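All values reported here derive from a predicted model rather than from experimental measurement. Order of listing sets the numbers, starting from 1, for every ligand and every atom in it. By convention here, the first residue in the shown sequence is residue 1.
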Amino acid sequence: MEQDLEDFRAETRTWLEANAPPSVRDSEDAVVDAMMAGGSPGGDLDLWRRRIGEKGWGAPTWPAAYGGGGLSAGEARVLAEEMRRLGVANPIVGMGTSMFGPTLLEYGTEDQKKRHIPPIVRGELRWCQGYSEPGAGSDLAALSTKCEDAGDHWRINGQKIWTSGAQYADWCFCLVRTDPGRKHDGISFVLIDMHQSGVETRPIKLIAGSSPFCETFFTDARVEKNDMVGPLNGGWTIGKRLLQHERAGQGGGRLMGGGTPLPELAEAYIGRDADGRIDDVDLRVRMIANRIDAGAHGLTIQRAANEARGNQNPSAATSIMKNSGTRIGQDRAELTLEIMGHQGLGWQGEGFTSEELAAVRGWLSGKAWTIFGGSQEIQNNIISKRILGLPDPLGQSSR
Ligand SMILES: Cc1cc2nc3c(=O)[nH]c(=O)nc-3n(C[C@H](O)[C@H](O)[C@H](O)COP(=O)(O)OP(=O)(O)OC[C@H]3O[C@@H](n4cnc5c(N)ncnc54)[C@H](O)[C@@H]3O)c2cc1C
């Protein structure tokens with residue numbers, strides 16, 4: 001077994017060396033950022049996306065029958081290690097691989113998997129999430145976007161909001177109301193082609209200056225009959241599973257940092273005392289606490305992954321990881337600004353380095369981390385009800 005993995009490591013190393021263009025190496029964050037932004041990145045990044053997509057390694061453990069890598073968990077770990085060694089990131093990112101794909105693999109029909117999974121694996125199509133509405137955020141089951149039977153198709157009318165990446169998306173996985181008389185049991189899960197006249201997106205600007213999300217309007221939008229996932233009025237269970245995949249991603253490492261390590265920043269902006277320590281005792285203590293929290297969080301994620309071997313599906317525990325990971329990330333963003341002092345408060349102009357400008361925008365966008373995917377309070381409700389088994393004082397069943 002170990003020998004098999006070592007053989008696989010050698011093959012993987014050879015393949016990566018031959019196929020990852022030199023310009024995409026040692027730039028993991030830049031690759032992911034470019035792929036998350038709208039439009040096509042072009043050049044070597046597109047070449048890398050095509051090569052790894054055809055190999056199926058953008059979704060390494062998904063079944064080969066749908067274009068995935070078909071790798072075992074051990075092989076996928078080796079692949080990740082070898083990619084890290086070379087400094088290359090997986091360019092096939094977004095809601096298709098992180099949220100929708102795994103959900104469709106669990107709940108979709110054979111036909112739906114054959115049509116929708118391969119383009120996700122190849123990174124050809126972008127997906128967005130049509131859950132929240134002006135009147136349905138935390139109480140998601142209050143959603144009212146209407147889906148009616150129009151004979152040979154489903155007809156959709158209504159409005160979604162905060163739809164991340166809707167302006168670039170090719171498809172939307174969407175929760176819709178199919179029975180106005182029942183709350184949770186009157187919701188279905190449908191797939192909407194965003195390239196049709198019945199769909200309009202209007203970008204909303206975030207406090208950090210970018211427009212990563214939209215208001216999304218459906219006016220007699222068309223959904224094919226074979227693009228309802230699961231049974232009519234059976235969308236709530238599927239929608240909740242997808243949220244677990246979403247939170248599993250949000251509790252991971254990316255929101256917690258990247259960029260220059262805090263001790264290096266502190267040394268540059270604050271300096272050291274006579275004993276060689278960062279010259280601010282209070283800041284030092286909080287930096288160490290953040291480092292310990294991040295380390296403990298990483299180990300907990302690793303332990304949970306080991307314990308879950310054989311059961312690839314996420315659980316309510318993703319709510320713990322989401323709350324913990326996003327809080328650590330927000331603390332880190334706060335510490336970064338504090339270390340930079342007034343240099344960390346620039347919005348634009350030559351008086352600031354690009355890292356300083358990114359710091360203030362990162363701090364502002366970090367405010368969203370404890371809101372999207374279900375707010376921090378809603379995760380606490382889930383933890384208390386589904387993990388600790390405490391009674392629900394409001395008798396609500398939110399997100
Ligand atoms: C950057 C960003 C990207 C997003 N992307 C998407 C997306 O792609 N698709 C999508 O569908 N949605 C998306 N969202 C929406 C997000 O899921 C909602 O904003 C979130 O679920 C909260 O809903 P709300 O904004 O309506 O707030 P509300 O539900 O109105 O909540 C307001 C406040 O009340 C608290 N609250 C509400 N109910 C309770 C309760 N029962 N117990 C305790 N406290 C409660 C909340 O915690 C919050 O602090 C995104 C949001 C952001 C910020």
Side-chain angles (χ1 to χ4, degrees), residues 36-38 93-100 103 126-145 156 158-177 183-184 187 189-192 194 199 201-218 235-236 238-240 242-247 249-250 254-255 318-319 322-323 326-327 329-330 333 361-386 390-399:
M36 294 294 267
V93 288
M95 294 185 185
T97 44
S98 62
M99 294 150 64
F100 174 62
T103 310
R126 285 168 191 265
W127 285 80
C128 67
Q129 175 187 40
Y131 276 29
S132 306
E133 296 181 5
S138 301
D139 187 10
L140 181 61
L143 62 90
S144 63
T145 291
I156 315 290
Q159 186 199 338
K160 296 288 172 181
I161 193 164
W162 320 125
T163 330
S164 297
Q167 68 271 52
Y168 314 119
D170 303 290
W171 284 84
C172 177
F173 51 89
C174 194
L175 289 177
V176 289
R177 170 81 37 217
K183 196 171 179 185
H184 301 83
I187 292 173
F189 190 108
V190 295
L191 312 179
I192 304 179
M194 295 292 279
V199 177
T201 57
R202 294 184 200 158
I204 310 170
K205 207 168 196 176
L206 255 184
I207 189 174
S210 56
S211 294
F213 52 22
C214 298
E215 292 178 288
T216 305
F217 298 87
F218 300 115
W236 185 245
I238 302 170
K240 277 196 303 183
L242 185 136
L243 284 171
Q244 290 180 338
H245 286 292
E246 178 175 16
R247 288 165 192 152
Q250 290 165 349
R254 196 167 148 74
L255 293 186
T318 51
S319 294
K322 197 220 161 190
N323 271 2
T326 51
R327 185 189 57 76
Q330 286 180 337
R361 287 170 195 262
W363 174 72
L364 285 168
S365 23
K367 302 296 170 198
W369 301 342
T370 41
I371 301 173
F372 58 47
S375 71
Q376 191 159 35
E377 291 78 14
I378 293 305
Q379 304 315 312
N380 284 339
N381 286 350
I382 292 172
I383 293 164
S384 65
K385 277 188 290 183
R386 304 212 195 118
L390 298 175
D392 178 2
L394 300 176
Q396 271 188 350
S397 167
S398 52
R399 284 187 169 251

Proximal ligand 1 atoms for Ala368, defined as those under 4.0 Å from one of its heavy atoms: 1 (C), 53 (C)
Residue pair Thr216 / Met194: nearest heavy atoms and the distance that separates them: CG2-CE, 4.1 Å
Contact partition for Met95 relative to ligand 1, non-hydrogen atoms under 4.0 Å: side chain
Ligand 1-proximal atoms of Ile378, by part, heavy-atom distance under 4.0 Å: side chain
Minimum side-chain heavy-atom gap Ser375-Ser138 below 4.5 Å: yes
Heavy-atom nearest neighbour of atom 1 (C) of ligand 1 within options Trp369, Tyr131, Phe213: Phe213
Whether Phe189 and Tyr131 hold their rings parallel, tilted or perpendicular, with breakpoints at 30° and 60°: perpendicular
Distance, nearest 0.5 Å, that separates NZ of Lys322 from CD of Gln379: 5.0 Å
Atoms in ligand 1 flagged as close to Glu377, the criterion being non-hydrogen separation under 4.0 Å: 43 (C), 44 (N), 46 (C), 47 (O), 49 (O)
Value rounded to 0.5 Å, distance of NZ in Lys160 from OG1 in Thr201: 15.5 Å
Best match, Cys128, Ser375, Ser132: closest heavy atom to atom 18 (C) of ligand 1: Ser132
Location of contacts on Asn381 toward ligand 1, heavy atoms closer than 4.0 Å: side chain
Candidates Leu242, Ile238, Ile187, Val190 - the one meeting side-chain contact (heavy atoms from CB on, under 4.5 Å) with Leu175: Ile187
